[in-house]
Amino acid sequence: MSTKVVIKQSTYFDSVSLMSLSTKANQIEGVEQAVVAMGTEMNKEVLRNVGLITPELEEAKTSDLMIVVKAATDELCESAFVAIEELFKKKSAPAGSSEIKYATIDSAAKSIPEANLAVISVNGAYAAREARKALENDLHVMLFSDNVSIEDEIALKQFAHEKGLLLMGPDCGTAILGNVALCFGNAVRKGSIGIVGASGTGSQEVSVRIHDFGGGITQLIGTGGRDLSEQVGGIMMLDGMKALDEDDATKVIVLISKPPATSVEKKVLAQIKQCKKPVVVYFIGGTEESVVAAGGHFAKTSKEAALKAVVLAGADESTINKRALNIPLVEEVRAKLTPEQKYIRGLFCGGTLCDEAMYIAMEKFDNVYSNIQKNADYQLKDLHVSQEHTFLDLGDDDFTNGKPHPMIDPSTRIVRFLQEAKDPSVGVIVMDFILGFGSHEDPVGVMLPAIIEAKQWAEKEGRHLEILGYVLGTDLDNPKMEDQVNKLMDAGVTIASSSTNAGLLSREFVVKGA
Amino acid sequence: MSKINELFNSKISAINVGIEFFKDDILKQNATAAHLEWKPPGGGKPELIAALDKLENAELLEKIEAANKLAVERIVNSQPILIGFDQAINCVPGMTKTTILHSGPPITWDRMNGAMKGAVTGAIVFEGLAKDLEEAAAVAASGQITFAPCHEHNCVGSMAGVTSASMFMHIVENKTYGNIAYTNLSEQMSKILRMGANDETVIARLNWMRDVLGPMLRDAMKLSNGIDLRLMLAQALHMGDECHNRNNAGTSLLIQALTPFILETNFTTEQKREVFDFVASSDYFSGPTWMALCKCALDAAHGIENSTIVTTMARNGVEFGIRVSGMAGNTWFTGPAQKVVGPMFAGYKPEDSGLDIGDSAITETYGIGGFAMAAAPAIVALVGGTVDEALGFSTKMKEITTTENPNVTIPLLNFSGIATGIDARNVIQTGILPVINTAIAHKDAGIGMIGAGITYPPMEAFEKALLALSEKMN
């Protein structure tokens, strides 16, 4: 066995590019193990764990690029290195070689006077500083990075508020501004509905449902998940609402969040009263009275939120295909399941999609476990072992820790899926497949071999394996929504038409004795 | 209309920092996006980020910006004039018969590298302080010699920078601010004292320079009203020099200006012929002249309270040292001298190279040399690059500098001024190091120049400077 180490000093690549490169490097013929990563403590820990650490690597700095290859022979090692260099060259191939590259937000903002927005996705340790620089340069900010402290978030949002700028994030996955989707987002029609969302995939879901119901979006402002916490106080949701209220093109405003802190909810409700335009409120698991009292329109589900918004925006409700729940299908599936097959297992890439399905299940079942359950009694004891009804948000830090988000790389879900598929107490496995900008180019294709394999096992064992899939996307998205759905259907997967229906169907499938 | 509503009604033009495919997605949607070549500031070191943060405090920032504005104004407005030549003992402040000046930050005899030791022993023999090189080494180690950096005596010295009492110096006066800078004469190429060579041929040349070349230039300049070096530098850049590694145009211009006066001196035609042949033997003749110009301008910008502008970059073959304006006097921030990467003379290998050496990085500190690569496409091959790369270097340096010097421009960059006023904060913020193109001396004494190429300072020097500035300012 031979190992070769190269450290390139002060050579920075973002972690996503390196991970994708690392993956490709591991596929090079003869490579036992290849690591291409920055010299961060975390990456060194990875090397320690796989026994590839050397004193030289221990000395690598966070700004140094580490390339480590383990192969059967020296020759294979050398040829792997040549191949890895090729991978780097491919990346740096000119996308327009005359393109001027700037090193800082300051210099870019100075040289591009029309710049109006910074999209920041650097490591959380540096993100707040870059966001501040952007605000100082009068740029609105989409702060995709996570691991930004709450103190930094508050300071940035206050600064943005004072300057009248948007600070979307941190940990903000989605936005659509002027019909341009940023980071994770779907291609949706331009229309008259404005969204302010503190939940990333929840906002994506509502935007695609609006599109499906024939409506369209003016702006989608992602605020970041902590915006409605006590500490942050909803600064960006309030500023976003105000701006949408003043936006001529926007006729209806939709708010999306997990239940806000009580004090913040009050502020939001008070602002709804001030709004000139109708406001639809979808606070997952929230209650109706206070919203209605404030003059808002309460939505219990993401689908309802989209539907109400489209109708409020002027659509004739009778002409909308509401994609009602397929009751005969529920009966059909129930008949296929044995009495032992009684649990739902949800494997989600989208956090809000997981949340919505879980809340729907909790309406009928008590024994609903998750890694994102608020009630400690129902948090999973062991993340790697499901209990009764289990809903997993695979995009949560519990599972990502150093790995790419499952929306970017859904392959991390395969192992868990096969594990659930073998469990004879499982009645239905529900999974989301998220299309659009930022997401994997073929999320269904990644899962398909595993789905087919699992179906074959179940068949051999003489039991029905019910798999429910929901493809989040629009007919304008890439890859084609229709192709993704067809591939799933061909493999025997049942298709839900929305996040809400995915939750309802999975729940209804396993209701016994109804 | 609020800024958020303005955004709703504008075409998105994004600056993308981090994950590159977010830029691609934006472009796919017919909006514009620029992806930054971003590195973690300060290489990700928390203490450096904290220092940067501190210096961005509004009150300090205002002081720094004002100080830096003044510093770069002084660099840009300096008008260095060549006013004469004379022996070091007659003009250089603090010079004595037993003083030997060297390049870079301070260094003791025992720590000097091969090239510098070779030059020092050669100079001791040249000054008659020892009968041969062996005795010279003993003299150097004895403590009888006062070693000091050129920079601490208003001088700069190419390569080893070794400057002794009898050597003839350029005298360059700053017409705007009155300060004077000095540097010795080019020995041309390539087996020469400044590169560490020291045999009889080297000493014989030094003797001739002391007895013929130097006095002739001195006498010639007595007939002149002074030569405006900045004007000449600007012309040289338009003629394809970057004035560190390529001096063809500058040398022609300089000797053209000197010739009428040389002709009028009381030397024989044969001696004048020797001088012209000597000048023609290498285009490097004006190399030191531009260094003195740069030193003269940058000294005028040194010692401005709260300024983060770099006023010196210099190497002694062991350490790379910088000085910043806000740390007055001789406060050096150092890190290890780096390798120089580039083509080598036939027969030499990279492992023969001495580490980066010389005060010539004063040219990059001023904004020429590596910073003005775009002006000198003819030598991009020498530094192993393409013309596009040369343009890229000059553009990239603007990320770490403060202004452009309108008096010295680069035609290929639409006549934009040279990148001027390296800001230590920007170097730490961007991780972009000043690029230096320079000669390579052999690592051993007595051999000389073996190649040329490009190199960078150690980040450490800038890190130390930033931390010291941040500590000092309140």
Side-chain angles (χ1 to χ4, degrees), chain A residues 10 12 14 16-17 40 61-63 95 97-109 112 114-123 125-127 129-130 134 138-140 142 144-145 163-166 177-183 185 187 218-219 239-240 242-243 246-247 249 437-438, chain B residues 1-46 49 52-53 56 58 61 386 388 391-392 395-396 398-401 426 429-433 456 459:
Chain A
S10 274
Y12 175 78
D14 68 82
V16 174
S17 307
T40 62
K61 298 186 192 71
T62 51
S63 51
S97 54
S98 61
E99 187 187 1
I100 299 169
K101 291 272 193 177
Y102 304 99
T104 63
I105 289 178
D106 280 337
S107 58
I112 313 170
E114 67 275 20
N116 47 21
L117 171 80
V119 179
I120 297 169
S121 55
V122 299
N123 183 312
Y126 316 117
R129 184 180 160 76
E130 298 305 322
D138 273 336
L139 298 171
H140 299 276
M142 166 84 172
F144 180 85
S145 313
K163 298 203 74 167
L165 296 165
L166 281 178
L177 296 171
N179 220 28
V180 176
L182 304 172
C183 302
T218 51
Q219 316 287 339
D239 283 358
K242 193 179 272 178
E246 280 159 23
D247 176 40
F437 297 107
Chain B
M1 196 189 289
S2 83
K3 283 185 196 159
I4 300 175
N5 290 94
E6 267 171 41
L7 177 70
F8 291 167
N9 294 307
S10 312
K11 195 171 168 346
I12 293 294
S13 170
I15 293 170
N16 187 51
V17 202
I19 299 171
E20 189 165 4
F21 69 69
F22 288 159
K23 174 211 62 176
D24 301 330
D25 281 345
I26 292 170
L27 295 179
K28 276 182 213 157
Q29 300 174 79
N30 298 317
T32 58
H35 183 68
L36 293 193
E37 237 170 31
W38 182 89
K39 287 181 191 175
K45 291 179 189 167
I49 297 174
L52 284 172
D53 284 343
E56 279 162 13
L61 190 64
T386 62
D388 269 350
L391 294 173
T395 311
K396 199 170 180 183
K398 294 188 177 168
E399 293 276 0
I400 56 169
T401 53
N426 293 0
Q429 165 70 50
T430 61
I432 296 175
L433 287 163
Y456 297 90
M459 189 57 90

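Letters A, B, ... are given to chains in the order of the sequence lines, protein chains preceding strands, and every chain is numbered from 1. On a predicted model such as this, the values are computed, not experimentally measured, just so you know.
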Is any side-chain heavy atom of A:L139 closer than 4.5 Å to a side-chain heavy atom of A:L165?
no

Measuring only between side-chain heavy atoms, which start at C-beta, is B:L36 closer than 4.5 Å to B:I15?
yes

Need one label for B:L52: side chain, backbone, both or neither, based on atoms under 4.5 Å from any heavy atom in chain A.
both

Taking side chain as C-beta onward, heavy atoms only, is B:K3 less than 4.5 Å from B:L7?
no

Heavy atoms of other groups near A:K163 NZ, more than 12 under 6.0 Å:
yes

Check whether A:A109 gets within reach of chain B through its side chain, its backbone, both or neither, counting any heavy atom under 4.5 Å.
both

Measuring only between side-chain heavy atoms, which start at C-beta, is A:I112 closer than 4.5 Å to B:T32?
no

Heavy-atom distances under 4.5 Å only: say whether A:I120 touches chain B with side chain, backbone, both or neither.
both

Taking the side chain as every heavy atom from C-beta outward, state whether B:N9 and B:M1 have any atom pair closer than 4.5 Å.
yes

Once you round to the nearest 0.5 Å, how far does CD of B:E399 lie from CD1 of B:I432?
5.0 Å

Applying a strict 4.5 Å limit to non-hydrogen atoms, the region of B:D53 in contact with chain A is both

Under 4.5 Å to a heavy atom of chain A? For B:I4 that would be both

Chain B heavy atoms under 4.5 Å from A:N179: which part of the residue, side chain, backbone, both or neither?
backbone

Under 4.5 Å from any heavy atom of chain B, what part of A:Q219 do you find: side chain, backbone, both or neither?
side chain

B:F8 versus chain A, the contacting section by heavy-atom distance below 4.5 Å:
both

Verdict with supporting geometry, B:E6 and A:H140, side chain to side chain contact (heavy atoms under 4.5 Å, CB included)
CA-CA 11 Å; B:E6 267 171 41; A:H140 299 276; 6.0 Å; no

Where on A:E130 is there a heavy atom nearer than 4.5 Å to chain B: the side chain, the backbone, both, or neither?
side chain

Check whether A:A249 gets within reach of chain B through its side chain, its backbone, both or neither, counting any heavy atom under 4.5 Å.
neither

Measure distances from A:A125 to the heavy atoms of chain B and classify the residue's part below 4.5 Å as side chain, backbone, both or neither.
neither

Quick one: what part of B:E56 sits under 4.5 Å from any heavy atom of chain A, side chain, backbone, both or neither?
side chain

Turns out that what part of B:K11 lies under 4.5 Å from chain A's heavy atoms comes down to backbone

Taking the side chain as everything from C-beta on, heavy atoms only, tell me whether B:Q29 gets closer than 4.5 Å to A:F437.
yes

